[in-house]
Number of protein chains: 2
Amino acid sequence: MSKSTLAADTGTAEPKTLVESAYRNLRRDIIEGRLPPGEKLRVEHLKDHYGVGAGTLREALSLLIADALVVSQGQRGFRVAPVSIEDLADITRTRVMLESEALRQSIAMGDDAWEGDLLAAFHRLSKAEEKRIGIDDREEWEERNRIFHEVLISACPSRWIKHFLSILYQQAERYRRLSLFLQPIPRDVHAEHEALLQAAMERDADKAAAILGEHIMLTFRSIEAIPREQLNHPLAA
Amino acid sequence: MSKSTLAADTGTAEPKTLVESAYRNLRRDIIEGRLPPGEKLRVEHLKDHYGVGAGTLREALSLLIADALVVSQGQRGFRVAPVSIEDLADITRTRVMLESEALRQSIAMGDDAWEGDLLAAFHRLSKAEEKRIGIDDREEWEERNRIFHEVLISACPSRWIKHFLSILYQQAERYRRLSLFLQPIPRDVHAEHEALLQAAMERDADKAAAILGEHIMLTFRSIEAIPREQLNHPLAA
DNA sequence: GTTTTAAAAAATCTCGAGAAAATGTATTGA
DNA sequence: TCAATACATTTTCTCGAGATTTTTTAAAAC
């Protein structure tokens, strides 16, 4: 299981520096909605909360611009990136295009080790689904879901496609979290994942890509159906 | 002509802050090869050259990570992103996929104003091609070439596709510059651009996408043909 | 001659304080 | 009452100096 998509990815390595630590904490708080969309990010206030200096926090915020989770404008400081249904639709469509292509290439290139990784990731995800009741297990499920999707396309040789997809996945996860405060998941995600696994193992690229595309689109529709007010409706350009 | 692809894009606006100014100068020096691939970027040394403080320069370098022009590793500072033929091949393939799709959507959605912008951009590019002899005009041509490609896909409604393409274009430009120190352009770029314009104006999406794909691939092959030593061969993972 | 160990040098990373800019508030005038 | 101006507060932006970590250099041991 490869650890990173593109050079200097601060993906899963241990935080060796305070900048990286602040970067991760900020990213988590934005994705999980504790820092709502559009919120002003005052350095003087945040540096105390995250226990770092002003310069260090500014650097962490600069890093988050790469993930499009933070925006900055001239001399007016930083803000949490705004959200909108239009943006989510764009993210979804772009993700369907890239992830379908990546899956096709992955199915074409994947070897036995890939099949093994895929089975293992699916198994771990299933186990997390079985005993998922409380909110405590949600983090675990989110992580394993992410890894399952990552392993699916891991045999795709294009680092750039995987890099872009990791950004889009992160964005989509933020929308999912923002809506999931009250909304339970109605659809049978497990069945979709299982069908996806089966198609991938059978090396049926067309079938797998179709299922994956539908899988991503369904996630979009379940969020789209939620009234806009529930999305912590910030501004939306 | 829209000015930016995604929020907080430091694209063409005036540099209002020292961080932004340093960011631009650094980006230019990396793309144009003055800071060669793999080069160590020592903050203490660079802060004098760019006339800013250490913290400011660090922030500018953090911004450049978003463009994948700079990489950082833990406690070992910053480096100019390495180059390799494999990476360029990846960039090219990904760009062909995204830019073809963007062009199709742009042709489908573009209105009269878009056609006008396209004609204007082509005209400015042609004028720059006519009297392109010295190296001084190269900058002008590069800029107008970038704008032509940008206008081509400007009617594509997906901000994310355009955002990713702007990153990939920047990457491709760096490779082009690195190889163009000695290599002149043998192929008839003007004719390709003209065919592209015509197909776009005729709203022939298939034809336009095919020409564009071939156009991008040809650029890759002309660089690929260059011996690796000429690419300032740094390390290449 | 090679490897290991240890000190010295360099570079990164971090912080707090000062200058520039933007935002908010109150006062003045019509 | 409303608009415009001037002042005060807040916040961003910037810099230089100090603490860790990495890298280099040199000596010592095998």
**Asked** Taking only residues two or more places apart in sequence or in another chain, which ones pass salt bridge (Lys or Arg N to Asp or Glu O under 4.0 Å) with B:Glu173?
**Response** B:Arg177
**Asked** Using the ring of each side chain (for Trp, its six-membered ring), is A:Trp160 parallel, tilted or perpendicular to A:His163, with breaks at 30° and 60°?
**Response** perpendicular
Atom pair distance, as rounded to whole Å: [atom1] in [X] and [atom2] in [N]:
{"X": "B:Phe78", "N": "C:dA10", "atom1": "CZ", "atom2": "P", "result": "21 Å"}
{"X": "A:Asp48", "N": "D:dT11", "atom1": "CG", "atom2": "C1'", "result": "14 Å"}
{"X": "A:Gln73", "N": "D:dC13", "atom1": "CD", "atom2": "P", "result": "10 Å"}
{"X": "B:Arg76", "N": "D:dT20", "atom1": "CZ", "atom2": "P", "result": "21 Å"}

Sequence neighbours excluded and cut-off under 3.5 Å, please list the side-chain donor-acceptor pairs for residues 45-69 of chain B, or say none.
unit_1: B:Tyr50; atom_1: OH; unit_2: B:Asp29; atom_2: OD2; d: 2.6
unit_1: B:Arg58; atom_1: NE; unit_2: A:Glu59; atom_2: OE1; d: 2.8
unit_1: B:Arg58; atom_1: NE; unit_2: A:Glu59; atom_2: OE2; d: 3.4
unit_1: B:Arg58; atom_1: NH2; unit_2: A:Glu59; atom_2: OE2; d: 2.8
unit_1: B:Glu59; atom_1: OE1; unit_2: A:Arg58; atom_2: NE; d: 2.9
unit_1: B:Glu59; atom_1: OE2; unit_2: A:Arg58; atom_2: NE; d: 3.4
unit_1: B:Glu59; atom_1: OE2; unit_2: A:Arg58; atom_2: NH2; d: 2.8
unit_1: B:Ser62; atom_1: OG; unit_2: B:Arg58; atom_2: O; d: 3.0
unit_1: B:Asp67; atom_1: OD2; unit_2: B:Tyr23; atom_2: OH; d: 2.5

**Request:** Taking all non-hydrogen atoms of both residues into account, name the closest pair between A:Gln105 and A:Pro157 and its distance.
**Result:** OE1-CD, 3.5 Å
Could you list, one pair per line, each protein nitrogen or oxygen that sits under 3.5 Å from a nitrogen or oxygen of nucleotides 14-19 of chain C, together with the distance?
unit_1: C:dT14; atom_1: OP1; unit_2: A:Thr17; atom_2: OG1; d: 3.1
unit_1: C:dT14; atom_1: OP1; unit_2: A:Leu18; atom_2: N; d: 2.3
unit_1: C:dT14; atom_1: OP2; unit_2: A:Thr17; atom_2: OG1; d: 2.9
unit_1: C:dT14; atom_1: OP2; unit_2: A:Val19; atom_2: N; d: 3.4
unit_1: C:dC15; atom_1: OP2; unit_2: A:Gly53; atom_2: N; d: 2.7
unit_1: C:dC15; atom_1: OP2; unit_2: A:Thr56; atom_2: OG1; d: 3.1

**Prompt:** Can a donor-acceptor pair be found between the side chains of B:Gln171 and B:Arg95 at a distance below 3.5 Å?
**Reply:** no
**Request:** Taking only Lys NZ, Arg NE, NH1 and NH2, and the carboxylate oxygens of Asp or Glu, determine whether B:Glu20 and B:Arg24 approach each other closer than 4.0 Å.
**Result:** yes
**Message:** At 4.0 Å (heavy atoms only), tell me whether A:Leu41 reaches a base, stays on the sugar-phosphate, or touches nothing.
**Reply:** sugar-phosphate
**Prompt:** For B:Arg42 and C:dA11, is the shortest distance between a side-chain N/O and OP1 or OP2 below 4.0 Å?
**Reply:** yes
